[in-house]
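Reading through the structure tokens given below for one structure.
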Amino acid sequence: AHELRTPLTAARLETSRLRRTGAGDPQGEELISTIADSIAEDLDRLASMISGFASFARLPKPTLETTDLAEITADFAETFADAWSNITLHTEVPNDPVLTPADRKLLRDVLANLCENSSRAAADTPCSVHLTVARTGDGDPAIVVHDNAPGIPEAIADRLFEPYTSTRESSEGLGLGLAISRKIMLDHGGDLELLATSTAGTTFRMTFASGDRK
């Protein structure tokens, strides 16, 4: 990514030079401007991809501290209650703490990404997102995120966590959010899984390394 930034900068400079070449000739200037706009659009997309890929590569390792998933989930729902105009957040958390080593900031990033995806999938339709703290059948701590937005297309469901997989136009995102979110969970010793998706909604599960199994 670093090595590619220099030729990209040079290409931008040459694009500006191309625009100046057509100055004074209305017909030539219009043609050159059209070509330069097309080149600039491609350069912007490449620059955005490089920036996103560099961010993916520079993901920090989590700073693990004993964390109560019930508390952090409730806090997230309260803090981000008004973050998405078309989403209503609901929580279901146990009375007893669900403890596990975790990085609070990175977990908030994962939850925010999942909610952002729900918001975009719902578009102009009101959507409910339920955040449930539970344990897997093996007793591992987990946060289940379920929405009632339209589901994920079957064509991409199997490669959903691969970088650059997205249902959006390239101008709306690079498809790195879920890849980054899953890497964060893997770095926690857990995982991010797609449990189910259909026209009725989508369910993800964030699992963690076994914590306090009271």
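The residues of the chain are indexed from 1 along the displayed sequence.
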With distance as the sole test, does Asn86 use its side chain to make a donor-acceptor pair with the main-chain N or O of Ser119 at under 3.5 Å? yes
Using modelled atom types only, decide if a donor and an acceptor are shared between the side chain of Asp191 and the backbone of Glu193 within a distance under 3.5 Å. no
Check ion pair Arg182-Glu162 (N to O, under 4.0 angstrom): no
Checking Asp68 side chain against Leu99 main chain: does a donor-acceptor pair fall under 3.5 Å? no
Can you tell if the side chain of Ile184 reaches within under 4.5 Å of the side chain of Pro62, non-hydrogen atoms only? no
Is there a side-chain contact between Leu111 and Ile143, using heavy atoms and a 4.5 Å cut-off? yes
Separation between NZ of Lys183 and NZ of Lys61, rounded to the nearest 0.5 Å: 4.5 Å
Please report the C-alpha distance between Phe161 and Leu192 in whole Å, then the side-chain angles of each, then the deciding distance to 0.1 Å, and finally whether the side-chain contact (heavy atoms from CB on, under 4.5 Å) criterion is met. CA-CA 9 Å; Phe161 298 105; Leu192 175 62; 3.7 Å; yes
Co-membership, hydrophobic cluster, residues Leu114 and Ile152, 4.5 Å side-chain: yes
Work out which heavy atom in Pro141 is nearest to a heavy atom in Ala209; give both atom names and the distance. CD-O, 3.6 Å
Would you say Leu107 ends up clustered with Phe80 if hydrophobic residues are merged whenever their side chains have heavy atoms under 4.5 Å apart, either directly or through other cluster members? yes
When you measure from the side chain of Ser118 to the backbone N and O of Glu116, does any donor-acceptor pair fall under 3.5 Å? no
With side-chain contact (heavy atoms from CB on, under 4.5 Å) as the test, would you mind laying out the steps for Thr203 and Thr197 before giving the verdict? CA-CA 6 Å; Thr203 304; Thr197 186; over 6 Å; no
Spacing of Phe204 atom CZ and Leu194 atom CG [to the nearest 0.5 Å]: 5.0 Å
Are any non-hydrogen side-chain atoms of Val129 and His90 less than 4.5 angstrom apart? no
Which value, rounded to the nearest 0.5 Å, describes the distance between Cys115 atom SG and Leu131 atom CG? 5.5 Å
Phe208 and His188 aromatic ring geometry - parallel, tilted or perpendicular at 30°/60° bounds: perpendicular
Ignoring hydrogens and geometry beyond distance, is a side-chain donor-acceptor pair present between Thr207 and Asp140 at under 3.5 Å? no
Once you round to the nearest 0.5 Å, how far does CG of Asp147 lie from OG of Ser128? 9.0 Å
Between Glu71 and Val98, does the side-chain contact (heavy atoms from CB on, under 4.5 Å) criterion hold? Intermediate values first, please. CA-CA 9 Å; Glu71 186 271 330; Val98 179; over 6 Å; no
So which of Val133, Val145, Thr132 actually passes side chain to side chain contact (heavy atoms under 4.5 Å, CB included) with Thr73? Val133
Leu89 vs Ile87, side-chain contact (heavy atoms from CB on, under 4.5 Å): CA-CA, chis, key distance, verdict: CA-CA 6 Å; Leu89 294 176; Ile87 277 185; 3.8 Å; yes
Examine distances only and state if a side-chain atom of Thr91 and a backbone atom of Val93 form a donor-acceptor pair shorter than 3.5 Å. no
So, do Asn117 and Leu178 sit near enough that their side-chain heavy atoms are less than 4.5 Å apart? yes
Taking Thr202 for the side chain and Ser198 for the main chain, is one N or O donor matched with an acceptor at less than 3.5 Å? no
Side chains of Thr100 and Leu69, heavy atoms from C-beta outward: is any pair under 4.5 Å? yes
For a quick test of reading the model, state the closest non-hydrogen atom pair linking Trp84 to Ala112 and the distance between them. CZ2-O, 3.6 Å
For Arg108, what residues pass the side chain to side chain donor-acceptor pair (under 3.5 Å) criterion, not counting sequence neighbours? none
The reported gap from OG1 in Thr199 to CG in Asn148 (rounded to nearest 0.5 angstrom) is 11.0 Å
Using modelled atom types only, decide if a donor and an acceptor are shared between the side chain of Asp103 and the backbone of Thr63 within a distance under 3.5 Å. yes
